[in-house]
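As C-alpha cells, the structure follows; a few thoughts come after it.
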Amino acid sequence: MSKETIGPKIKQFRKKRKLTQDELAESLGYSGKSVISHIEKGDADMTYEKILLLLRTYMLDANELFEVERIDKQLDDWRMEQRKTKKVAVYIHGLYGSAEEAKDYSYLKDEYDVVGLDYEDGNPWELKDTIINEFEKITKNYKEIIVIANSIGAFYAYEYLSNFNIKQAFFISPVADMHQLIIGIMMSKDIYLETLKQERVIKIDDKTSISYNFYKSLENHPDNWTVPTEILYGERDNVIYIENIADFLAKHPNSKLTIKQGAEHYMHTEEEKEFIKNWIINSLYQ
C-alpha cells in the first residue's frame, strides 16, 4: 500500500477504535508511538507483515482499510517474494487419490510449504499439460523443491517433470514402468494387442482407458529423470512388479530402494503412515 493512502486510513481506523498511538504501536510490536505518528503523516510505510498483523489483531476486513484489489495484489506479490527464501514439498497423488492427502505430510511444515498438486484422474497422455502447468504454478519462485509421489503420481513426476529443478523425490509404490503396467492390464482383461491396435482406445472403467498410440510411444521414450530418488515398495504389492522397480533402479543409479515388509500397494494404515514419515525424515536429514 502506498504511503499516500495508508497513513490517513490508519489514523482514521485508530481514532474510530479510540486507540492512542502508543496502544496501536504496542499491539503491532512497534517500539513507540513515534512510528505510528510517522506512518500517519506519510513519512513511513507499514510492512506487509504489519498489515497482516493489524488485520488479524483487530479482526478487520481488508475492505475497512484498503482498496481490496490493490492490497490483494500487493500481498500476493509480497507472498511470492517470500517464497524465494522458502522450500516446497509437492505431493502428487495416485489414481482415485486427492491433493488433500498432502496433509499427511504436514510434519514437514516447519521447513517446507506442503502443497498437493490438484488434478482429476484421467488418461495419462491427456494429463501432461495439466501436471506441468500445476507444478509450475505451485513451485514458482521457491528456492528448493522436493516431490512426494504416490503410485501413478510417480510416473507423472519422472515422465513430465524432469525439466524442473527438483532437489529430491520420494516415490511410494511407484508405477515404475507404465508400459509393463499396460501389458498387465491387457492380460487381466483378456485384451489382445491386435484388438487394441484396431480399436486404438479401449475403455477399462469410468476413469481409465488404454491407448495403442500411448502404448507404442512408451517403447522407446527417452528417459531424462536424474533427480535423486527414494523408492518405497510394499513387499506384497500386487500391482507393481518388483522386476519393474529393479529396472528403474538400474536405469537411475541415484535412486535407492526401501521395502516395507507386509505392505501392499496402497499404504494407508497409521503404522504405514508412520513408517513413511520416518523414511522421508531420515532421508531428508541424514
Side-chain angles (χ1 to χ4, degrees), residues 1-93 98-120 133-148 167 270 273 277 280-281 284-285:
M1 180 60 66
S2 68
K3 296 176 185 178
E4 289 74 19
T5 59
I6 195 172
K9 292 284 189 180
I10 293 297
K11 185 175 182 177
Q12 183 181 19
F13 156 76
R14 181 177 62 79
K15 289 186 173 295
K16 182 179 179 181
R17 291 295 184 94
K18 299 181 179 180
L19 296 169
T20 67
Q21 290 181 336
D22 276 327
E23 289 170 335
L24 183 57
E26 182 180 1
S27 68
L28 298 179
Y30 288 124
S31 57
K33 70 177 184 180
S34 62
V35 179
I36 300 299
S37 177
H38 285 301
I39 289 172
E40 291 182 354
K41 291 177 182 177
D43 298 330
D45 207 355
M46 291 182 76
T47 66
Y48 292 119
E49 293 95 332
K50 294 298 187 185
I51 292 173
L52 290 172
L53 180 58
L54 176 69
L55 296 176
R56 288 197 299 266
T57 301
Y58 294 98
M59 301 179 68
L60 295 175
D61 186 325
N63 289 285
E64 294 184 50
L65 290 179
F66 310 115
E67 298 172 37
V68 174
E69 289 186 5
R70 183 187 298 181
I71 193 62
D72 282 350
K73 181 182 184 305
Q74 291 186 324
L75 286 173
D76 285 343
D77 291 344
W78 172 75
R79 292 188 185 102
M80 192 68 73
E81 187 68 23
Q82 299 307 301
R83 287 184 179 182
K84 294 179 180 179
T85 63
K86 299 187 71 175
K87 305 175 183 180
V88 64
V90 182
Y91 174 74
I92 308 175
H93 67 81
S98 164
E100 293 297 316
E101 295 168 11
K103 67 180 183 296
D104 290 339
Y105 305 92
S106 60
Y107 48 80
L108 298 172
K109 66 182 179 180
D110 287 344
E111 188 168 354
Y112 295 86
D113 287 340
V114 182
V115 184
L117 193 153
D118 195 14
Y119 72 93
E120 293 186 6
N133 291 338
E134 286 300 309
F135 192 81
E136 185 172 26
K137 187 187 304 181
I138 290 170
T139 60
K140 186 178 181 181
N141 287 345
Y142 279 99
K143 71 170 185 176
E144 183 178 307
I145 306 165
I146 66 170
V147 168
I148 304 169
K167 182 178 180 181
E270 291 306 314
K273 288 181 179 180
K277 173 182 176 180
I280 291 175
I281 290 177
L284 281 176
Y285 305 113

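You'll find the side chain of Tyr107 stays beyond 4.5 Å of the side chain of Val114, heavy atoms only. Using a 4.5 Å heavy-atom threshold, the side chains of Gln12 and Pro8 count as separate. Side-chain contact check for Leu54 versus Ile10: some heavy-atom pair is nearer than 4.5 Å. Looking at heavy atoms from C-beta onward, Leu28 lies out of side-chain contact with Val35 at the 4.5 angstrom threshold.
Within the model, atoms CD1 of Ile92 and CD of Glu134 stand 11.0 Å from one another, a figure rounded to the nearest 0.5 Å. Considering OG1 of Thr47 and CG of Leu52, their distance stands at 8.5 Å, rounded to 0.5 Å. Of the inter-residue distances, the one linking Ile146 atom CD1 with Leu284 atom CG reads 5.0 Å to the nearest 0.5 angstrom. We find the CD1-OH distance between Ile280 and Tyr285 to be 10.0 Å, quoted to the nearest 0.5 Å. Here the NZ atom belonging to Lys33 is positioned 14.5 Å from the CG atom belonging to Leu19, to the nearest 0.5 angstrom. For the atom pair Ile138 CD1 and Asp113 CG, the distance stands at 11.0 Å (nearest 0.5 Å).
Scanning all heavy atoms of the two residues, the minimum distance from Tyr119 to His93 falls at OH-O, 2.7 Å. When all heavy atoms of Gln21 and Ile36 are compared, the closest pair comes out as O-CG1, 3.7 Å.
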N/O donor-acceptor pairs under 3.5 Å from side chains in residues 98-105, not counting sequence neighbours:
residue	atom	partner	partner atom	Å
Ser98	OG	Glu100	N	3.0
Glu101	OE1	Tyr91	OH	2.4
Glu101	OE2	Ser98	N	3.1

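Remark: side-chain polar atoms of Thr57 are paired, donor with acceptor, to backbone N or O of Leu53 under 3.5 angstrom.
Annotation: salt bridge (charged side-chain N to carboxylate O under 4.0 Å, His left out) contacts of Glu111 (sequence neighbours excluded): Lys87.
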Between Val90 and Tyr142, is a side chain to side chain contact (heavy atoms under 4.5 Å, CB included) present by the stated rule, with each step listed?
CA-CA 11 Å; Val90 182; Tyr142 279 99; over 6 Å; no
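Ring geometry, Tyr58 versus Phe13: the interplanar angle exceeds 60°, so the pair is classed perpendicular (tilted spans 30 to 60°).
Shown here is Lys50, whose NZ atom has more than 12 heavy atoms of other residues, nucleotides or ligands within 6.0 Å.
Under 4.0 Å is where a charged nitrogen must lie from a carboxylate oxygen, and between Glu23 and Arg17 no such pair does.
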